[in-house]
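Note sheet for the following structure.
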Amino acid sequence: MYKLLTTIIILLFAQAAHAEWTSVNKVDDFTDEQVRYAAFSDADHRIQLSHEGKAVWMFITRKKIGTFEPNGLIEMRVDKNETMVVDPEKSKRLAELLGKPTFQWEPATVGFLLWHGSEDEGCGYVGQLLQGQELKVRYQTNSLERDTFSANLAGAKQSIINGLGLTKCGQ
């Protein structure tokens, strides 16, 4: 009896600790504009994938104490695919060429252009997120230290499709 009760308690706590992807699709009360995004959240981090204009941005927020290094690299890898590196310095140069931002930094949040957003031209990195099982993220907290976390992508596909309003990617 005690084994059964212990097993049930462990399962309940495991489900409560499980982080999931969700999607939001609503109209902003102040601007009356459509707001869509997909989000992942665990105890220490939050990821948001948003359509900003025609492009898709990824925002990563630290919930714990500490900041992102303003010019620190952000590395992301889905499963065993090639690592994607976001370099804030290169992003600034690209922004000058494009005439619009491609990277944003706040002490607890970074945002960067993830994909051009045109499904007619392929799904880019979003395609890896839709097909993958795990996203690993590594970032610098200062010039000498890094932090790493993982986001489970199992079951994330529909939330990402809905949150980004995709029609061709993920089909």
Minimal heavy-atom distance between W21 and N152, with the atoms involved, is NE1-O, 2.9 Å
Do we see a donor-acceptor contact under 3.5 Å between the side chains of T109 and T61? yes
Side-chain contact test, heavy atoms from C-beta onward, threshold under 4.5 Å: evaluate it for Q140 versus F68 and give yes or no. no
Shortest non-hydrogen separation from K63 to A43 and the atoms involved: CD-O, 3.6 Å
Determine whether L114 and W57 make a side-chain contact, defined as any pair of heavy atoms from C-beta on separated by less than 4.5 Å. no
Run the numbers on I60 and F112 for side-chain contact (heavy atoms from CB on, under 4.5 Å), then give the verdict. CA-CA 9 Å; I60 303 172; F112 48 89; 4.0 Å; yes
A side-chain contact here means heavy atoms from C-beta on lying under 4.5 Å apart; do V85 and I74 qualify? no
Is it true that the side chains of D79 and Q133 contain a donor and an acceptor less than 3.5 Å apart? no
Does the side-chain contact (heavy atoms from CB on, under 4.5 Å) test come out yes or no for D120 and K168, once each step is laid out? CA-CA 8 Å; D120 293 330; K168 295 178 183 176; 2.2 Å; yes
Taken to the nearest 0.5 Å, the spacing of Y139 OH from L73 CG works out to 14.0 Å
Same cluster for V126 and L49 if Ile/Leu/Val/Met/Phe/Trp/Tyr side chains link at under 4.5 Å? yes
If you take the centroid of each ring, where Trp contributes its six-membered ring, are Y125 and H116 closer together than 6.0 Å? no
Connected via hydrophobic side-chain network under 4.5 Å: L129 and L113: no
Any sub-3.5 Å donor-acceptor pair from R93's side-chain atoms to L97's backbone N or O? no
Show the nearest heavy-atom pair for residues S50 and Y37, with the distance to one decimal. OG-CB, 3.5 Å
How many angstroms lie between CD in E75 and OG1 in T148, if you round to the nearest 0.5 Å? 8.0 Å
So SG of C169 and CD1 of I161: to nearest 0.5 Å the spacing works out to 8.5 Å
Nearest-0.5 Å distance, NE2 of residue H45 to OG of residue S150: 10.0 Å
Shortest non-hydrogen contact between I65 and R62, atoms and distance: O-NH2, 2.8 Å
Would you call S91 and W105 a side-chain contact if the rule is heavy atoms closer than 4.5 Å? no
Got more than 12 heavy atoms from elsewhere within 6.0 Å of NZ, K64? yes
Could you state the interatomic distance from CG (D87) to CG (L94), rounded to the nearest 0.5 Å? 11.0 Å
Taking the side chain as everything from C-beta on, heavy atoms only, tell me whether V56 gets closer than 4.5 Å to L164. yes
Looking at R138 and R146, would you say the former's side chain and the latter's main chain have a donor-acceptor pair under 3.5 Å? no
Any chance NZ of K90 has more than 12 other-residue heavy atoms, nucleotides or ligands included, within less than 6.0 Å? no
A side-chain contact here means heavy atoms from C-beta on lying under 4.5 Å apart; do I47 and M58 qualify? yes
Determine whether E119 and L166 make a side-chain contact, defined as any pair of heavy atoms from C-beta on separated by less than 4.5 Å. yes
Would you call E52 and F59 a side-chain contact if the rule is heavy atoms closer than 4.5 Å? yes
Do V137 and I160 belong to the same hydrophobic cluster, where Ile, Leu, Val, Met, Phe, Trp and Tyr are linked whenever their side-chain heavy atoms lie under 4.5 Å apart, directly or via other members? yes
Under the side-chain contact (heavy atoms from CB on, under 4.5 Å) rule, what do M76 and T83 come out as? Steps first, then yes or no, please. CA-CA 6 Å; M76 300 185 308; T83 300; 6.0 Å; no
CG (L144) and CD (E69) are apart, to the nearest 0.5 Å, by 9.0 Å
So, are E89 and K92 salt-bridged, with charged N and O less than 4.0 Å apart? yes
Shortest non-hydrogen pair, S159 vs S23, comes out as O-CB, 3.2 Å
Using every non-hydrogen atom in the two residues, find where K136 and E134 come nearest and quote the distance to one decimal. CE-OE1, 3.1 Å
